[in-house]
Structure formats: structure tokens, C-alpha cells
Amino acid sequence: MESFVTLLIPALLALIAVRLLLLPMKFIFKLLIHSACGFLCLWLLNSIAGFTGIFFPINAVTVLTAGILGLPGIGILALLAVLP
């Protein structure tokens, strides 16, 4: 029984360490997916900028705003583009 406990404790500690290291990776992967979607939305809106007259600069701030906030973020960017 003693050898079982001796093997169980390091195994549990390793499992906890792996789980703690994977949490930030999930957040980073989710942020990358949302940023890619934000970039795609801004690119599509810029492709019809000739009709709307509103051009969105594509940089890290606008992509993250559109990616994280979604449609409200694009609305905020549109308001900022229209305001002088």
C-alpha cells in the first residue's frame, strides 16, 4: 500500500501541473480564434467600403476589439470612424 501512495502522489501532482499549464493555452487559442474572426469581419467590411464610405484600419487594436466584443465592437469602431 505504501508503494501505491508513493506513486499516486507524484502522478496527481503531475496531473495538476499539466491542467494548470493548459488553462492559459486554452485562453490564448480562444483569443487567436476570435482575433481571426475579427480580422475576417473587418476585411469584409473594408471590401465594401466603397459603398459605405467607412474604412476600418486593420491593426491589432481594431482586430482585438472586433474579435472580443463582436458586433458591438464593430459598432464602436464604426462610431469612432464616423466621429471627427
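Start at 1 with the first residue, then count along the sequence. Quick caveat, the model's predicted, so the values are computed rather than measured. Hydrogens, waters and symmetry mates are skipped; everything else that's a heavy atom, side chains included, is used.
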Look up atom [atom1] in [X] and atom [atom2] in [Y], then write down how far apart they are to the nearest 0.5 Å.
X     : Y     : atom1 : atom2 : result
Cys41 : Asn46 : SG    : CG    : 11.5 Å
Leu77 : Leu42 : CG    : CG    : 6.5 Å
Leu79 : Leu83 : CG    : CG    : 6.0 Å
Leu32 : Met25 : CG    : CE    : 9.0 Å
Lys30 : Ile68 : NZ    : CD1   : 11.0 Å

Check your understanding: If every non-hydrogen atom of Phe56 is compared with every non-hydrogen atom of Ile74, which pair is closest and at what distance?
Key ->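 Where Phe56 meets Ile74 most closely, the heavy atoms are CE2-O, 4.2 Å.
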Practice item. Search all heavy atoms of Phe39 against all heavy atoms of Val63 and return the closest pair with its distance. Key: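 Of all heavy-atom pairs spanning Phe39 and Val63, the closest is N-CG1, 4.0 Å.
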[X]-[Y] co-clustered via ILVMFWY side chain contacts under 4.5 Å:
X     : Y     : result
Ile54 : Ile48 : yes
Val82 : Leu71 : no
Ile28 : Val18 : no

Check your understanding: Would you say the side-chain atoms of Asn59 pair up with the backbone N or O of Thr62, donor to acceptor, closer than 3.5 Å?
Key ->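 The answer is yes, because a donor-acceptor pair under 3.5 Å joins these two groups.
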Exercise for review: Check which hydrophobic residues are tied to Phe29 through side-chain heavy-atom contacts below 4.5 Å, counting indirect links as well, and list them.
Suggested key: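 Ile33, which link up through side-chain heavy atoms under 4.5 Å apart, make up the rest of the cluster.
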Practice item. Could you go through the side-chain contact (heavy atoms from CB on, under 4.5 Å) check for Leu12 and Leu8 one step at a time? Key: CA-CA 6 Å; Leu12 287 175; Leu8 184 66; 4.0 Å; yes
